[in-house]
Amino acid sequence: MNSRNKKECVAMLLAGGQGTRLGVLTHDVAKPAVPFGGKYRIIDFPLSNCINSDIDTIGVLTQYQPFELNQYIGNGQPWDLDRLSGGAYVLPPYVKGKEGEWYKGTANAIYQNINFIDRFNPEYVLVLSGDHIYKMDYDKMLRAHKEKSADCTIAVINVSIEEASRFGIMNTDENDRIYEFEEKPKQPKSTNASMGIYVFTWSVLRRYLIDDENDPKSQNDFGKNIIPRMLGDGLKLYAYRFSGYWKDVGTISSLWEANMDLLNPESGLNLNDASWKIYARNSAEPPHFAAGSAEIVKSIVSEGAMVLGSVKRSIVSHGAYIGLGASIEDSVILPGATVKAGAVVRHAIVAEGAVVGEGAKIGEAQKAPIKGEWQIAVVGPGAKIAPSVVVAPAEMVKEGK
Amino acid sequence: MNDVMGVIFASDNESKLNELTIHRTTASLPFCGRYRLIDFTLSNFVNSGITQIGIVTRSNYSSLMDHIRMGRDWDLNRKNGGLSIFPPFVLNSSREMYKGKIEAIYSIQGFIRRSPEQYVLLSNSNIAMNLDFDKVYKSHFDSKADVTMLVHRAKTTTSRRLVVEEDAGVVKDLYFSQSPSEEKTLGLNVYLIKKDLLLSLVEHEYARGHVDFEKDILMKQLDALKINAYMVENHAAIVDDVRTYYNESMKVLDPKIREELFYGESVIYTKVKDSVPTIYKEHAAVKNSLIADGCEIDGLVENSILFRGVKVARGAEVRNSIVMEDGKIMENSSVCYAITDKNVTISSGRTISGYESYPVVIVKDKTV
């Protein structure tokens with residue numbers, strides 16, 4: 001433990017999520033690598049938040065489909081994380097001594113990397129997840145943690161009482177000290193939903209991770225095991241209230257909604273903020289081109305895209321192609337996707353490198369979600385849709401149709 | 001291409017680029033919405049494996065330094081080789097800025113001599129093209145020439161161009177032309193030459209007070225040297241005055257030329273600025289235009305190029321124009337046949353109009 005390597009706070013980003021609810025979009029990539037907003041990927045948000053919060057040492061825990069994510073993060077240069085000391089580290093599970101094992105749960109993933117964290121001898125560890133879209137100053141949260149001499153600080157956001165039963169709810173006293181944690185309560189007592197962002201005092205967390213690992217009945221999960229045990233032992237757990245845009249993009253419908261929020265100035269999601277830039281690995285493409293036949297309104301278009309058709313209330317990502325007479329509405333076209341002439345795309349996500357054939361019809365226009373879920377049609381990465389084929393709302397096409 | 005080093009001259013024809021180069025070198029002239037002219041040469045070099053690169057500047061080079069920084073965006077932050085930028089007055093004995101390429105090369109001869117590579121690729125920075133220099137290197141060897149110069153077929157205009165008379169790739173005659181004419185074979189001011197030969201030629205002419213590489217070396221030595229002409233078939237743009245800047249910019253709206261320039265053998269890199277993608281609002285109407293990231297468009301844009309961070313307000317009209325970074329075209333204003341430099345504001349209701357043959361230039365940071 002070299003004191004010259006010391007970092008006050010090390011961030012651990014849980015990026016191993018399989019993201020099964022995103023279906024074909026996460027068939028070949030980890031959820032944090034899913035493209036977002038025309039030129040970003042989901043993981044750009046926590047990584048950019050870290051560097052903007054002056055946290056320059058980040059362990060990225062991967063295990064499911066890690067190649068694309070590993071390649072994307074590389075040496076961390078796009079986020080200014082190529083440092084002499086600290087920086088971004090991709091941490092897959094590895095064989096230690098005789099045995100090696102997969103990360104069994106969120107807490108186990110950190111447990112398996114105790115040695116990594118110890119190398120920086122930090123006072124605090126920030127645990128993040130790789131599946132939310134938000135801009136947050138973690139440094140403010142860290143300061144709140146220090147001011148209260150807390151053992152653990154959990155970021156919470158106020159949700160509506162109807163939504164509350166979908167989240168982990170933190171019940172707090174008047175000083176924001178947490179006295180009870182309820183996972184998806186049927187009768188929520190409060191509306192403080194956990195955002196899955198934790199600051200721990202490392203010496204305390206380290207002890208609990210080792211105890212938790214020695215408990216064969218534990219599921220090795222922060223929400224299910226570590227937090228309840230800390231509460232049971234009377235430790236000082238505080239809620240840190242966050243107000244601002246925050247969205248879990250764990251489902252197709254919510255991922256689509258978060259993309260659409262970029263088009264709505266009232267949504268609170270503004271990425272054009274010089275004081276809080278979201279960084280991404282750049283694809284080195286020329287500016288996008290709107291042809292003489294193009295019609296683009298209320299939309300976002302990124303570099304390298306070529307638009308000959310009509311685009312309304314949609315996101316066209318870098319390198320995408322929208323053919324002559326094609327019509328895109330309320331949809332997300334991911335990087336390098338091709339929508340050929342005359343195709344009609346409504347309330348859909350067309351994934352990376354997918355090809356929608358001439359005159360194909362993807363999805364249907366919708367006025368409102370059904371039971372909270374938009375019926376988004378999804379054309380999977382690299383999938384080929386033959387000319388004039390119809391893809392129904394909520395249908396997912398993996399390879400072709 | 002491990003045996004070739006690159007030397008780029010950052011300043012050419014700055015006097016003819018008028019307002020566009022008051023604050024910058026020709027190399028750092030913004031081009032095609034998100035690039036600077038030098039990005040093309042740098043990217044071609046890097047993609048061809050030329051990673052020992054010297055850039056010779058003459059004046060106003062702070063914008064160039066700001067653009068290139070340590071060369072990271074071109075993968076040129078290397079332990080071996082990478083970028084060396086030479087500010088003016090590198091020579092202790094020089095009392096003024098270099099007047100021509102001979103002086104420039106003479107002033108950095110130490111750098112050239114010390115580099116391990118045996119060949120030097122000399123390039124001006126006012127060229128936009130996409131080229132694999134491996135092929136040039138091979139052609140140089142196959143032709144057993146002393147010098148290989150890049151040429152292309154183009155019409156001459158009123159700007160000074162080097163006309164090349166060649167026979168089966170061997171250069172027979174060279175002369176300057178400054179009057180408009182039919183398509184001819186013209187030099188692109190890019191030369192591949194063996195290091196020792198270059199240094200001895202330069203030393204010889206420098207001692208006699210000569211400065212012009214083309215006039216004092218190539219033309220004079222036409223009989224003594226074997227000069228190989230390498231024909232660049234793809235699009236190559238030479239920018240040497242305001243009019244060619246405008247015309248060459250507008251040519252990029254043509255899909256075929258864009259294909260050749262950006263999707264050829266090289267990936268063209270530039271400084272990454274992390275702008276957000278462009279937002280089109282309710283009243284946007286954009287036709288036949290090249291739009292960089294970070295713009296906000298609620299007006300009409302036709303046959304134009306918008307650089308990063310340009311705002312076109314509702315009711316504003318931009319036609320046949322080039323709007324550089326952070327330009328603001330306010331409500332109900334109109335811009336036609338214009339080049340507005342960085343951070344120009346066209347106030348509400350104002351009309352700016354030039355002519356196709358004489359586009360009006362609005363200088364950096366001005367509010368109209």
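In the text below, chain A, chain B and the rest are named by the order of the sequence lines, each starting its count at 1.
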Checklist entry - Run the side chain to side chain contact (heavy atoms under 4.5 Å, CB included) check on B/V276 and A/Y40 step by step: do they pass? => result CA-CA 9 Å; B/V276 295; A/Y40 306 95; 3.5 Å; yes
Item to check | Interface moiety of B/Y35 toward chain A, non-hydrogen atoms closer than 4.5 Å | outcome: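 Interface part for B/Y35: side chain.
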Checklist entry - When heavy-atom pairs shorter than 4.5 Å are enumerated against chain B, which of A/S299, A/A305, A/S302 gives the highest number? => result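 Ranked by contacts with chain B, first place is A/S299.
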Next on the checklist: Counting heavy-atom pairs under 4.5 Å with chain B, which one of A/I315, A/I300, A/V297, A/I296 comes out on top?
Outcome noted: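 Answer, by heavy-atom pair count under 4.5 Å with chain B: A/I296.
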Next on the checklist: Going by salt bridge (Lys or Arg N to Asp or Glu O under 4.0 Å), name the pairs with one or both residues in residues 299-308 of chain A, residues two or more places apart or in two chains.
Outcome noted: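 Applying salt bridge (Lys or Arg N to Asp or Glu O under 4.0 Å) to every pair that reaches into residues 299-308 of chain A, excluding sequence neighbours, yields A/E303-B/R34.
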Next on the checklist: Please identify, among B/H283, B/E302, B/K281, B/R308, the residue contributing the most non-hydrogen atom pairs under 4.5 Å to chain A.
Outcome noted: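 Sorted descending by pairs with chain A, the first entry is B/K281.
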Checklist entry - B/K271 versus chain A, heavy atoms under 4.5 Å apart: side chain, backbone, both or neither? => result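 Contact with chain A is absent: no heavy atom of B/K271 under 4.5 Å.
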Checklist entry - Can you name the residues of residues 292-301 of chain B that have some heavy atom under 4.5 Å away from a heavy atom in chain A? => result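 Answer by number: B/A292, B/D293, B/E296.
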Checklist entry - Which residues from residues 265-277 of chain A are near chain B, with near meaning under 4.5 Å between non-hydrogen atoms? => result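 Result: A/L271, A/N272, A/K277.
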Checklist entry - Can you tell which of A/G38, A/A294, A/G37, A/S317 has the highest number of heavy-atom pairs within less than 4.5 Å of chain B? => result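 Top option by heavy-atom pairs under 4.5 Å: A/A294.
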Item to check | Which atoms of B/T270 approach chain A - backbone, side chain, both or neither, heavy atom under 4.5 Å | outcome: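 Contact with chain A is absent: no heavy atom of B/T270 under 4.5 Å.
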Checklist entry - What part of B/V267 gets closer than 4.5 Å to chain A, counting heavy atoms only: side chain, backbone, both or neither? => result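 The side chain, not the backbone.
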Item to check | Partner chain B: residue of A/M306, A/K298, A/R313, A/E295 with the largest heavy-atom pair count (under 4.5 Å) | outcome: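 Of A/M306, A/K298, A/R313, A/E295, A/K298 has the most heavy-atom pairs under 4.5 Å with chain B.
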Item to check | Portion of B/I268 that has a non-hydrogen atom of chain A nearer than 4.5 angstrom | outcome: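 The answer is the backbone of B/I268.
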Item to check | Atom pair CD (A/Q77) and CG (B/D73), whose distance is rounded to the nearest 0.5 Å | outcome: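 Spacing of CD (A/Q77) from CG (B/D73) equals 6.5 Å.
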Checklist entry - Hey, which residues of residues 281-292 of chain A are touching chain B, say heavy atoms under 4.5 Å apart? => result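 When heavy atoms of chain B are the reference, residues 281-292 of chain A contributes A/N282, A/A284, A/E285, A/P286, A/P287, A/H288, A/F289, A/A290, A/A291, A/G292 within the under-4.5 Å range.
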Checklist entry - Taking atom NZ of A/K340 as the centre, does the number of heavy atoms from other residues, nucleotides or ligands within less than 6.0 Å exceed 12? => result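 Counting other residues, nucleotides and ligands, NZ of A/K340 stays at 12 neighbours or fewer.
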Item to check | Residue pair B/R72 / A/D82, side-chain heavy-atom distance below 4.5 Å | outcome: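 Yes - at least one pair of side-chain heavy atoms lies under 4.5 Å apart.
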